[in-house]
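Step one of this worksheet: look at the structure below.
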Amino acid sequence: MKNRFHIPRSFWLPALGAALSTGACGETKTSFADRGGSGGASGWTYVPPGTNPSGTGGTLANAGSSSGGSLGHAGSAGSAGSGGGVALPPVTFKCGGKQPNQPLITNFDAFMADRWTSPGNLDGGVYVYPDTLKPTAGEFLRFADSVKDFTGMGVWFSGCIDGSKFKGVRFTIAGNAGATGNVQFYVISNRDKEVDETNNIGACVPADPSQTWLSCRPPVVTLPVTSDPITHLIPWTAFNDGLPTLTTDGSDLIALQWSFDWQDGATPYAAELVVDNLEFYKQDLVLGSAGAGGAGPSVGNDGGAAETPSLGGQSGH
């Protein structure tokens with residue numbers, strides 16, 4: 001099993017859900033019809049387990065190699081350049097820690113296929129990978145295409161966001177995720193992002209810059225996807241399997257990503273995912289006791305089984 005980050009071009013990138021009839025925090029949409037086309041854009045993404053390691057981005061520069069001994073930043077196992085060069089420690093980047101001034105991230109209103117807006121102080125863009133998939137305008141983030149490679153989509157923030165004053169993140173999803181019925185939801189955190197000197201992000205120094213996923217990868221949670229909308233409330237504590245930090249507290253968010261299941265050699269399958277009303281939350285909406293054995297967190301107590309909110313259920317902040 002192998003993981004990697006994929007950086008096709010630039011981090012600064014040049015769709016996925018309607019809410020229930022009473023959407024989260026008053027942001028209401030009523031239909032999943034006319035959802036537009038599949039999305040895509042340039043930018044780094046996290047590609048889930050099983051991918052070919054070639055073409056990874058964000059690696060560190062090699063140590064200086066001039067005969068005069070020029071300085072250079074070393075990779076994790078890099079040596080000084082020939083001729084007496086001196087290797088400096090790798091550059092790492094801290095999170096700016098911008099704090100959201102409201103729970104809502106975006107409801108994708110007036111979404112124009114590359115950038116999303118918010119009535120609050122956040123902004124950013126979207127990406128879909130592989131790069132052959134292109135975004136279209138809509139009122140939600142949506143993917144609808146054939147999954148025949150490592151495929152997913154994400155929302156990136158302008159800057160590094162500190163959402164730790166919130167309990168977690170919430171959104172509504174619906175669609176078709178293939179045979180497993182699940183997607184992997186990643187929180188891309190600065191501390192688990194391999195150093196990317198080009199884009200000034202990342203605090204994780206990979207042991208092997210050509211295989212960054214072995215030591216730098218974001219925490220993840222598995223979520224069920226059905227044709228009926230599900231509003232997931234996912235506490236930061238539900239995320240797992242990150243490196244070097246296993247989980248997250250939401251204090252250094254760079255992006256949020258949904259990825260379809262895929263393994264090399266698998267049979268392509270048609271898939272669709274619609275995401276809407278993306279926001280932080282402080283309190284749970286409890287519609288009943290959480291069951292056991294759920295595929296991932298959703299509405300209900302933390303860590304409970306998947307549960308579809310009844311129409312009219314109002315989420316609280």
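When reading the values below, keep in mind they use all heavy atoms of this one structure, side chains included, and skip hydrogens, waters and symmetry mates.
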_Closest non-hydrogen atom pair, Leu133 against Asp145_ = CD2-OD2, 3.3 Å
_Please give me the minimum heavy-atom distance between Phe140 and Asp276, naming the atom from each residue._
CB-CG, 4.1 Å
*Just by modelled atom types, is the Tyr281 backbone N or O under 3.5 Å from a matching donor or acceptor in the Arg170 side chain?*
no
*Could you tell me whether a side-chain N or O of His232 sits under 3.5 Å from a main-chain N or O of Pro224, the two making a donor and an acceptor?*
yes
*Rounded distance [0.5 Å steps], OH in Tyr186 versus OG in Ser259*: 5.0 Å
*To the nearest 0.5 Å, tell me how far Leu214 CG sits from Asp208 CG.*
7.0 Å
_Hydrophobic cluster membership, with links at side-chain heavy-atom distances under 4.5 Å among I/L/V/M/F/W/Y: are Tyr269 and Tyr129 in one?_
yes
_Could you tell me if the side chain of Pro219 sits less than 4.5 Å from the side chain of Asp192, heavy atoms only?_
yes
_Closest heavy-atom pair and its distance - Thr117, Asp109_ = OG1-O, 4.2 Å
*Reported OG1-to-CD distance for the pair Thr92 and Glu197, which is rounded to 0.5 angstrom*: 9.5 Å
_Nearest heavy atoms of Gly163 and Pro100, plus distance in Å_ = CA-CD, 4.4 Å
*Quick check: does any side chain N or O of Ser227 sit under 3.5 Å from a backbone N or O of Asn176, one acting as donor and the other as acceptor?*
no
*Verify side-chain contact (heavy atoms from CB on, under 4.5 Å) between Trp262 and Thr151, making sure each step is shown before the conclusion.*
CA-CA 8 Å; Trp262 180 261; Thr151 302; over 6 Å; no
*Sub-3.5 Å donor-acceptor pair from the side chain of Asp123 to the main-chain atoms of Ser158, do we have one?*
no
*asked:* For the backbone of Ala207 and the side chain of Ser215, can you confirm whether one donor and one acceptor N or O come within less than 3.5 Å of each other?
replied: yes
*SG of Cys204 to NZ of Lys193: how many Å apart, nearest 0.5 Å?*
9.5 Å
*How about Ile161 and Leu122: do any of their side-chain heavy atoms sit closer than 4.5 Å?*
yes
*Polar side chain donor-acceptor pair, Ser164 to Asp162, under 3.5 angstrom*: yes
*Stepwise side-chain contact (heavy atoms from CB on, under 4.5 Å) check, Val221 with Asn240*: CA-CA 7 Å; Val221 65; Asn240 206 340; over 6 Å; no
*Sort and list the pairs that fulfil ring pair (Phe, Tyr, Trp, His ring centres under 6.0 Å) and have at least one residue in residues 161-183, not counting sequence neighbours.*
Phe166-Phe280, Phe171-Phe185, Phe171-Trp258
*Give the intermediate values and the outcome of side-chain contact (heavy atoms from CB on, under 4.5 Å) for residues Val183 and Leu273.*
CA-CA 9 Å; Val183 293; Leu273 189 62; 4.1 Å; yes
*Measure from the side-chain N and O atoms of Ser118 to the backbone N and O of Ile105, and report whether any donor-acceptor pair falls under 3.5 Å.*
yes
*Taking the side chain as every heavy atom from C-beta outward, state whether Ser189 and Ile254 have any pair of such atoms under 4.5 Å apart.*
no
*Are Leu246 and Trp236 grouped together when hydrophobic residues (ILVMFWY) are joined by side-chain heavy atoms under 4.5 angstrom apart?*
no
*Taking C-beta and beyond as the side chain, do Leu256 and Trp156 meet within less than 4.5 Å on heavy atoms?*
no
*Measure the CG-CD distance between Asn107 and Glu279 for me, rounded to the nearest 0.5 Å.*
9.0 Å
*For residues Arg191 and Asp249, determine if any side-chain heavy atom of one lies less than 4.5 Å from a side-chain heavy atom of the other.*
yes
*Can you check whether Thr172's main-chain N or O pairs, donor with acceptor, with Thr231's side chain at less than 3.5 Å?*
no
*Between Ser146 and Lys148, is there a donor-acceptor pair closer than 3.5 Å when you use the side chain of the first and the backbone of the second?*
no
*Less than 4.5 Å apart, any side-chain heavy atom of Asp261 and any of Asn182?*
yes
*Under a 4.5 Å cut-off applied to non-hydrogen side-chain atoms, are Ile234 and Leu223 in contact?*
yes
_Check for me whether the distance between the ring centres of Phe143 and Phe260 falls short of 6.0 Å._
yes
_Shared hydrophobic cluster for Phe93 and Val205 (ILVMFWY, side-chain gaps under 4.5 Å)_ = yes
*Between Thr248 (side chain) and Gly250 (backbone), is there a donor-acceptor pair under 3.5 Å?*
yes
*asked:* Just so I know, are the side chains of Val126 and Asp114 near enough to count as touching, which here means a heavy-atom distance under 4.5 Å?
replied: no
_Val187 versus Pro218, closest heavy-atom pair with distance_ = O-CB, 3.2 Å
*Looking only at heavy atoms, what is the nearest atom pair of Val155 and Tyr127, with distance?*
N-CE2, 4.1 Å
_Measuring from atom CD of Gln257 to atom CD of Gln184, what distance do you get when rounded to the nearest 0.5 angstrom?_
11.0 Å
*Please answer whether the main-chain N or O of Gln99 pairs with a side-chain N or O of Asn121 as donor and acceptor at a distance below 3.5 Å.*
yes
